[in-house]
Amino acid sequence: MKVVLVLSIFVISILSVLALAQTGNVSVNFNVTSNGYVTIYLSGLPSSDDVILHCGVQPGPQSSWTQVYDTPMTWNGNNFSATIGPFQNGTWIGWVFHDNTTNTWINYDNHPFWNWNLEVNPPVVGITYATVLSNGSILITTIGRAPDDIVVHYGIASGPQTGLPWSNITDVTMVYNPLWGNYTAVIGPFPNGTWVQWVYHDLTENKYYSNNGQNFAIQVIYTFLTITGGNYDKYVYTINQNGKIFLTVDNKLNSPVNVNIVVNIQNNQLSYNGITLNPGQNNITLPFTASFSQGVYYPVVDLYYSNSLQGTFNLPQLIVLNTTGKRPISLVIVWNMHQPLYLSPQGVWEQPWVWVHTGQDFYWNSSLVGAYELQALLINKYNVSVTIDFTPVLLYQWLTILSQTNPKFASGINVNVTHDTQAVNYTLNLYRSLAQEGKVEVLTVPFYHPLQPIILDNGWWSDDLAQILMGIQMTRQVFNVSPAGTWTPEQAFNMGLITLYNQTGIRYTILDQDAYLPYVTVVSGNTNPYQPFEVLNSLGQSTIVLFRDTALSNQFSFQFFSQPPQLTAQQLIQELAMIYMNNPGGVVTVAFDGENPLIFNPSTGPQDLNAIYQALSQYQGSWLITQTASQAIATHKPYSVITNLPETSWNLNLNYWNNGNPGKIEIWKSVATAREYLVALTKAVGLNLSPVVNLPPSISPNSTNPIATLWNYLYVAEGSDWTWQTGPPSNGPSWFMYQALNYTNAIISTVNQMFSKITLTKANIDGHKLKLTFMNGLNYTLNLVLVVSSGNYNTSYNIVLNPGRNDISVNLPKSVNSVNVYLYSPVTPQDVGASPIPLFSYGFLIHSYSVNSDGSNSSMLTLIVIAGALIIPVLGLTVRRFLK
C-alpha cells in the first residue's frame with residue numbers, strides 16, 4: 001500500500017514543529033485521560049498573570065470552532081494548567097491562550113490564525129501519509145494517541161510484502177505537530193529504488209500500530225518524470241458534478257513518452273492511460289466526476305511509465321458537498337465604512353483621509369480610485385448582495401465636500417480637490433443606485449461613532465439617543481431609505497442599548513461571536529453561532545443580533561487582502577464549504593472595517609477584493625448564497641433567544657477606549673466638563689437637552705443655532721476614535737487627542753463667554769428690601785434660580801431674566817446689612833450624569849455676588865477656562881465649592 005501526503009503541508013509542519021510546541025518564551029504541554037479529559041499546561045508567563053484557556057470543538061485541525069469554551073487557568077507552582085472535557089473519543093479540539101493581565105493572545109508559533117490542535121483519544125491510529133523528498137529521504141506522518149511517545153520502527157526490505165527480512169533496522173522518535181494534530185518524522189536518505197517498511201511503536205502504551213496487520217511500505221524512486229504541480233478547476237464540488245484535474249508534469253528526456261496516470265481518491269481509482277508527455281513541461285487536463293460522498297479528500301496521483309511507478313504527487317484537498325434536501329448557507333458580509341470628523345470647529349480640513357480614501361488610494365483599470373469608490377465599482381460588477389454601514393460622520397463629510405466651492409485645508413495637506421470631489425459625487429450616486437437595486441443594504445450608526453457602553457455608563461443616555469436619531473436622519477437623507485439595522489460602534493454593547501434601539505426603530509445589530517456568545521444566558525434554543533438571535537432584556541424588549549464569525553472575519557481583516565487573489569478566493573470558498581458541511585442552512589456573518597484591508601494593502605488589496613466578489617458570484621447556488629442582513633434575518637426564523645450579554649466589545653473589553661491611560665482620562669474628563677457647562681446653558685435658556693441637531697453641510701461642522709452647534713461639538717468629542725488613538729495600545733498620532741480637546745474647549749469657552757454677559761449692574765439694600773438689577777446680554781430668555789443668603793438666612797426664587805434690563809426685588813429679614821447673591825442654572829444630577837464639577841442643591845452655579853447696605857457689590861465667582869483648565873477666582877467671601 002502506498003502512503004503519501006501533500007509535500008507543501010509537510011514542509012510547513014517541519015518548520016513549525018517543536019516538541020509539543022514552544023511559542024516565543026512560552027511552552028505548552030498536555031495530557032489526555034482515557035475518559036476524555038484533557039489537561040493543558042502553559043509555562044513561561046509570570047505566575048501573577050490572569051490566563052484564560054480559549055478552546056473550541058472543531059471538525060478537523062485548523063477548522064472553524066463549533067463550540068467555544070473559556071476556562072481560567074491556575075498556577076500550580078511550576079506552570080499554568082486547566083482541565084477541560086470530557087470529550088468523546090475522536091473529538092478534534094483546538095486552543096489558544098489569552099493573558100488578561102497584558103491583554104495579549106498566545107497563538108501557536110505566534111501566528112494569529114494558528115491553534116494548538118488535538119484529536120482526543122483517536123479511535124483509529126496509524127493512519128499514515130508519506131512522501132519521498134528530493135534528497136531520497138522519506139517524510140512520514142501518522143495519527144497517534146497524543147501525547148504518547150511514538151517511534152517509527154523501520155528497515156530496508158526487498159519489496160513491499162510483509163514477512164520479507166529487514167536490514168538496517170532503526171527507531172526514530174516522531175515529533176508531535178500541534179498545528180495539524182499528528183506525528184511527523186523524516187527518515188533516510190535512501191538509495192534510488194530502495195524499499196522501506198515500517199510500523200509504529202507507542203512507547204507509552206507499549207503497542208505497535210501496523211497497516212491492518214501489514215507493514216507500511218514505500219519505494220524510494222528517482223525518476224526522469226516529475227509531477228511538479230496539480231490543482232482543480234473548482235475550489236468545491238457537489239456530488240456528481242463534473243470537474244477537471246490539472247497536472248504539470250516535467251519530462252527530462254529529449255523524446256516524448258507515453259504514461260499512465262492513476263488518481264487515488266480514498267477507495268476510488270481514476271485511471272488515465274496512454275498520455276503523451278513531450279520533452280519539458282506538460283500541462284495535462286484529467287476530467288472526472290465527483291461521485292463521492294460528502295467530505296474532504298486528499299487525492300494521490302501515481303505516474304506510471306512502462307508499468308513502473310515513477311512518482312507520486314499529493315493533490316490539494318478535494319471538497320465534495322452533498323446538497324440534497326439541504327438549504328444553502330447564507331453569507332452576510334457587513335462592511336463598516338468609518339472615518340472620524342477631520343474638520344476643525346472653524347471648518348478647516350485638519351486631515352485629508354475622507355478625500356484620499358474616496359478618490360486616490362490606488363489605480364484600478366488605469367484609473368485613480370479610492371477604497372470606497374472601488375467597493376462600489378466591484379459590488380456593481382458582480383452578482384453579490386452585501387450590507388454596508390456608512391457612519392453618518394462619513395456621509396456628512398462627503399456632503400460637505402460636495403457643498404464646498406473653496407475648501408480650506410491645514411498646512412501640509414495636499415489634496416486633488418477636483419478629482420476627489422468628482423469621486424465623492426460618483427461614489428455616492430453609485431451607492432445610492434446599489435441601495436435602490438437591493439444589492440446593498442445600508443445600516444445606520446450613531447452619528448459620530450461613540451463608544452456607547454461608556455456613554456451610557458456615564459449617564460448620557462440622551463446623547464446616545466440623539467446620535468442614533470441623527471444617524472438615522474442622515475442615512476435617510478443620503479440614501480432615501482429607513483435603515484432597519486445599526487452598526488454598534490466597535491461592536492461595544494451593553495443591555496441598555498436594547499431600550500434605545502427599540503425607541504428608535506432599530507431592529508438588529510452585529511456583534512462579535514467570541515466576545516459575547518460564550519457568556520450569554522440561553523432562554524430558548526442554543527448558541528450555534530450560525531443563526532440570528534433574539535436578545536431579550538429584563539423589560540421584555542428585544543433586538544435581533546447576528547454574531548460575526550470571529551475567525552473568518554479576522555481572515556478578511558488580516559489575511560485575505562495581503563496575498564495572491566487566487567489563494568484568497570480558494571481559502572474563502574473552501575472555508576465556507578467546511579462551515580456548510582456542519583451547518584447547512586446557517587447564516588455566516590462576516591463583519592469588519594471596510595476600508596482598512598484595502599488601505600493597508602494597496603498593492604494586493606484591490607485584486608483580492610475583486611477575487612472575493614468574483615468567487616462568491618461563481619459559487620452562489622445550491623450550497624451558498626449571499627444575502628443582506630435583513631434578508632438573512634427574514635429567512636431564518638425562528639431564532640434562539642438569549643439574554644445577559646456582557647458589557648464588552650470585539651476586543652473582549654473596553655480597554656482600547658478607557659484603560660486608565662492619562663490621555664484617555666483627560667479626554668473623558670474634558671467631555672464630561674464640557675457637557676456639564678453645556679447642560680447648564682441649555683437648561684438656563686429653557687431648551688431640550690441632547691437635541692437632534694440639524695447640520696447643513698455648507699456650514700460644517702456648525703448648525704444654524706449657536707446652542708445646537710455646541711451640542712454637535714459635544715457629540716463630535718464623544719466619538720470613539722479620539723480615545724482609541726490616544727495612548728496604548730494603539731498609540732496613534734497626538735492629533736486625535738487634540739481634536740477631541742479642541743471641541744470640548746470650544747464648548748467651555750463659548751459657554752463662559754455667554755455666561756459672562758449676565759451681569760449684576762446695580763444692587764442695594766433699602767430697609768427690608770434687596771433691590772437687584774441684572775443685565776441679560778444674551779438673545780435668550782433665561783430661567784434661573786436666585787439664592788439670597790446671610791448668616792442663617794437663606795431663600796431661593798425661580799426667576800426669569802429677559803434680554804436686557806431686569807429689576808428684581810426681594811424681601812429681607814430685619815437687621816440684615818449684607819447678603820450673598822447666587823445665580824444657578826436649574827440643573828439636576830440626572831441632567832449631567834458623570835460630572836467633574838460638583839452640583840449644588842440649586843443646580844449649576846453661574847455667578848456669585850456680595851451686596852452690602854452701603855450699596856456696594858462685588859463678584860465672588862467668575863468661571864474662566866484657559867487652555868482647557870477650569871480656574872475659579874474668589875473675591876470676598878469664600879465660596880463653598882471644590883473642583884475635582
Side-chain angles (χ1 to χ4, degrees), residues 333-343 347 349 351-365 367-382 384-407 409 415-449 470-487 593-596 598-599 606 609 613 628 694-701:
I333 300 180
V334 184
W335 301 97
N336 171 35
M337 306 297 197
H338 167 51
Q339 294 293 326
L341 186 70
Y342 294 119
L343 288 161
W349 290 97
Q351 300 289 332
W353 304 120
V354 171
W355 298 77
V356 170
H357 297 324
T358 308
Q360 50 184 36
D361 281 317
F362 27 65
Y363 282 89
W364 181 258
N365 291 338
S367 297
L368 183 62
V369 300
Y372 300 121
E373 185 177 4
L374 181 63
Q375 273 280 2
L377 290 169
L378 294 179
I379 295 169
N380 186 55
K381 178 179 178 180
Y382 290 107
V384 292
S385 298
V386 301
T387 304
I388 303 180
D389 76 85
F390 299 91
T391 49
V393 61
L394 171 59
L395 299 176
Y396 180 41
Q397 290 175 96
W398 275 345
L399 296 182
T400 300
I401 289 172
L402 296 178
S403 70
Q404 291 179 325
T405 56
N406 186 26
F409 297 92
V415 169
N416 189 333
V417 173
T418 301
H419 173 273
D420 292 349
T421 301
Q422 293 172 348
V424 168
N425 185 59
Y426 177 80
T427 301
L428 257 181
N429 285 331
L430 185 51
Y431 277 125
R432 289 186 180 113
S433 175
L434 292 169
Q436 291 300 319
E437 188 181 342
K439 294 185 72 174
V440 169
E441 179 183 7
V442 178
L443 304 185
T444 189
V445 190
F447 201 96
Y448 289 105
H449 203 266
M470 288 171 63
I472 293 172
Q473 180 176 294
M474 177 60 72
T475 305
R476 186 179 292 129
Q477 173 187 339
V478 172
F479 292 103
N480 195 30
V481 297
S482 295
T486 185
W487 178 265
D593 283 341
E595 62 281 297
N596 285 356
L598 289 170
I599 294 168
L609 181 62
Y613 283 144
T628 66
N694 179 39
L695 294 173
S698 59
I699 56 173
S700 299

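When all heavy atoms of Gln375 and Gly594 are compared, the pair lying nearest together is NE2-O, 4.0 Å. Nearest heavy-atom pair, His338 versus Glu595, reported as atom, atom and distance to 0.1 Å: N-OE1, 2.9 Å. In plain terms, the two heavy atoms of Val354 and Leu394 that are nearest each other are CG1-CD1, 4.1 Å. In terms of heavy atoms, Tyr431 sits closest to Ala376 at OH-N, 3.4 Å. In plain terms, the two heavy atoms of Ser403 and Pro697 that are nearest each other are OG-O, 3.3 Å.
Counting heavy atoms from C-beta outward, Val442 and Pro483 have side chains that stay 4.5 Å or more apart. Side-chain contact between Tyr613 and Lys381 is absent, with no heavy-atom pair separated by less than 4.5 Å. Side-chain contact check for Leu430 versus Leu377: some heavy-atom pair is nearer than 4.5 Å. Residues Val334 and Asn336 form no side-chain contact, since every pair of their non-hydrogen atoms from C-beta on lies 4.5 Å or further apart. Residues Ile599 and Val356 have side chains not in contact (no heavy-atom distance under 4.5 Å, counting atoms from C-beta outward). Between Ser482 and Ile472, every side-chain heavy-atom pair lies at or beyond the 4.5 Å cut-off. With a 4.5 Å cut-off on side-chain heavy atoms, Glu373 and Val424 do not count as touching. At a threshold of 4.5 Å between non-hydrogen side-chain atoms, the residues Leu434 and Ile388 do not count as touching.
Between Phe447 and Tyr396, the distance from one ring center to the other falls under 6.0 angstrom.
Counting only distance, with no hydrogens or angles, the side chain of His357 and the backbone of Gln339 share no donor-acceptor pair below 3.5 Å. For Gln436 (side chain) and Phe479 (main-chain N/O), a donor-acceptor pair under 3.5 Å exists by modelled atom type. Put simply, the side chain of Gln397 gets close to the backbone of Tyr342: a donor and an acceptor are under 3.5 Å apart. A donor-acceptor contact shorter than 3.5 Å links the side chain of Asp361 to the backbone of Ala371. Checking side-chain atoms of Lys439 against main-chain N and O of Tyr382 turns up a donor-acceptor pair under 3.5 Å. In this structure, Asn416 contributes its side chain and His419 its backbone to a donor-acceptor pair below 3.5 Å. Remark: side-chain polar atoms of Thr628 are not paired, donor with acceptor, to backbone N or O of Thr387 under 3.5 angstrom. Using a distance-only test at 3.5 Å, with no hydrogens or angles considered, no donor-acceptor pair links the side chain of Thr391 to the main chain of His449.
In this structure, CE in Met470 is found 4.5 Å from CG in Leu695, a value given to the nearest 0.5 Å. Note that CG of Asp593 is 11.5 Å distant from CG of Leu598, once rounded to the nearest 0.5 Å. Between Leu374 atom CG and Thr358 atom OG1 the span is 12.0 Å, to the nearest 0.5 Å.
Counted by atom type alone, Gln404 and Trp349 present one or more donor-acceptor pairs between their side chains at under 3.5 Å.
A tilted orientation is assigned to the rings of Phe390 and Trp398, their planes being inclined by 30° to 60°.
The environment of CG in Asn429 is crowded: more than 12 heavy-atom neighbours from other residues, nucleotides or ligands sit within 6.0 Å.
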